[in-house]
Enquirer: 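My questions all concern the structure below.
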Amino acid sequence: MVLLLPMDGDDTQESELTGILSATHWATVEVEEGQVVEINFYTDRTAIDGWLDAVIVTGNYEPVMEFIDNQMMVLVAHTQRSIDDIVEAYLFRELHDLSL
């Protein structure tokens with residue numbers, strides 16, 4: 001599973017999830033068998049190659065139609081902001097499906 005996260009920086013420990021329109025970096029987080037395999041940061045989302053399974057957003061009113069059109073699952077992290085918290089919430093199914 002590869003997760004896409006709009007982030008406010010490119011530091012794995014210090015950066016936080018932010019809104020899609022205010023993202024300065026995009027993180028891809030590969031999760032396999034409950035473990036983070038790889039984290040990559042990109043300044044340009046179009047530079048990301050490969051299949052992305054889900055995008056994580058901060059709220060229900062983010063502009064996500066492009067992701068839905070690309071068959072990506074959209075999950076909402078209402079309170080989680082760090083990569084570690086988001087991955088943990090994903091593993092424990094605490095992230096919510098986007099309510100359209």
Side-chain angles (χ1 to χ4, degrees):
M1 175 70 74
V2 180
L3 308 174
L4 177 65
L5 290 75
M7 304 295 288
D8 65 1
D10 63 354
D11 185 289
T12 304
Q13 300 300 318
E14 300 295 324
S15 298
E16 293 189 344
L17 186 71
T18 189
I20 290 173
L21 298 177
S22 60
T24 60
H25 291 80
W26 292 84
T28 58
V29 181
E30 185 176 350
V31 179
E32 287 184 14
E33 298 179 10
Q35 300 291 322
V36 173
V37 175
E38 186 175 22
I39 300 173
N40 293 305
F41 286 92
Y42 302 87
T43 55
D44 183 6
R45 186 167 50 92
T46 60
I48 300 171
D49 290 330
W51 180 258
L52 300 169
D53 296 293
V55 62
I56 312 298
V57 296
T58 59
N60 289 336
Y61 301 105
E62 292 281 337
V64 295
M65 286 311 295
E66 177 183 353
F67 302 108
I68 293 171
D69 289 344
N70 288 323
Q71 307 298 313
M72 290 176 64
M73 183 173 25
V74 179
L75 300 173
V76 180
H78 290 288
T79 59
Q80 300 85 356
R81 294 296 176 253
S82 71
I83 291 176
D84 290 338
D85 290 345
I86 292 165
V87 169
E88 181 179 334
Y90 171 76
L91 293 173
F92 288 103
R93 301 187 188 277
E94 295 173 353
L95 300 177
H96 304 281
D97 288 326
L98 180 71
S99 302
L100 292 179

Enquirer: Where the side chain of N70 meets the backbone of M72, is there a donor-acceptor pair that is under 3.5 Å apart?
Expert: no

Enquirer: Measuring from D85:CG to T79:OG1, what's the distance to the nearest 0.5 Å?
Expert: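 Taking CG in D85 and OG1 in T79, the distance rounds to 8.0 Å.
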
Enquirer: According to a hydrophobic-cluster definition based on side-chain heavy atoms being under 4.5 Å apart (Ile, Leu, Val, Met, Phe, Trp, Tyr only), do L17 and W26 belong together?
Expert: no

Enquirer: Of all heavy-atom pairs between A23 and P6, which one has the smallest distance, and what is that distance?
Expert: CB-CB, 3.6 Å

Enquirer: Are Q80 and I56 close enough that some pair of their side-chain heavy atoms sits under 4.5 Å apart?
Expert: no

Enquirer: M7 and A27: which non-hydrogen atoms are nearest, and at how many Å?
Expert: CG-CB, 3.8 Å

Enquirer: Any side-chain heavy-atom pair from V29 and Y90 closer than 4.5 angstrom?
Expert: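 Side chain of V29 against side chain of Y90, heavy atoms only: no contact under 4.5 Å found.
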
Enquirer: Is the side chain of E62 donor-acceptor paired with the backbone N or O of I20 at a distance under 3.5 Å, no angle test?
Expert: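 A pair under 3.5 Å: yes.
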
Enquirer: Quick one: closest heavy-atom pair of L52 and T28, and the distance?
Expert: CD2-CG2, 3.9 Å

Enquirer: Using only atom types and a distance under 3.5 Å, with no angle test, would you say the side chain of D53 pairs donor to acceptor with the backbone of V2?
Expert: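 Judged by distance alone, yes, a pair lies under 3.5 Å.
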
Enquirer: Without swapping roles, check the side chain of T58 against the backbone of T18 for a donor-acceptor pair under 3.5 Å.
Expert: no

Enquirer: If you look at every heavy atom in R45 and F67, which pair is closest and at what distance?
Expert: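 Nearest pair, atom of R45 first, then F67: NH1-CE2, 3.5 Å.
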
Enquirer: Would you give the length of the straight line joining atom CG of L95 to atom CD of E88, rounded to the nearest 0.5 angstrom?
Expert: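 Output value for this atom pair is 10.5 Å.
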
Enquirer: Between S82 and D84, is there a side-chain donor-acceptor contact under 3.5 Å, judged purely by atom types and distance?
Expert: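 No donor-acceptor contact under 3.5 Å links the two side chains.
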
Enquirer: Verify the cluster assignment for L98 and L5: are they in a single hydrophobic cluster under the rule of side-chain heavy atoms below 4.5 Å apart?
Expert: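 Shared cluster, no.
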
Enquirer: Step by step, would you call L75 with V57 a side-chain contact (heavy atoms from CB on, under 4.5 Å)?
Expert: CA-CA 6 Å; L75 300 173; V57 296; over 6 Å; no

Enquirer: Nearest 0.5 Å, please: how far is CG in N40 from CD in E30?
Expert: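 Taking CD in E30 and CG in N40, the distance rounds to 9.0 Å.
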
Enquirer: Measuring from atom CD1 of I86 to atom CG of L91, what distance do you get when rounded to the nearest 0.5 angstrom?
Expert: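 Here the rounded value is 12.0 Å.
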
Enquirer: Apply side-chain contact (heavy atoms from CB on, under 4.5 Å) to the pair H78 and N60, showing each step before the final yes or no.
Expert: CA-CA 9 Å; H78 290 288; N60 289 336; 4.2 Å; yes

Enquirer: Which atom names give the shortest non-hydrogen contact between A47 and Y42, and what distance separates them?
Expert: O-CE2, 4.2 Å

Enquirer: Within this structure, what is the CD-CE distance for the pair E32 and M1, rounded to the nearest 0.5 Å?
Expert: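 It comes to 11.0 Å.
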
Enquirer: Indicate yes or no: at least one non-hydrogen side-chain atom of F41 is less than 4.5 angstrom from one of D11.
Expert: no

Enquirer: Supply the atom-to-atom distance I68 CD1 to M65 CE, rounded to the nearest 0.5 angstrom.
Expert: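 With rounding to 0.5 Å, CD1 (I68) is 5.0 Å from CE (M65).
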
Enquirer: I'd like to know if M73 and V55 are part of one continuous hydrophobic network [Ile/Leu/Val/Met/Phe/Trp/Tyr, side-chain heavy atoms within less than 4.5 Å].
Expert: no

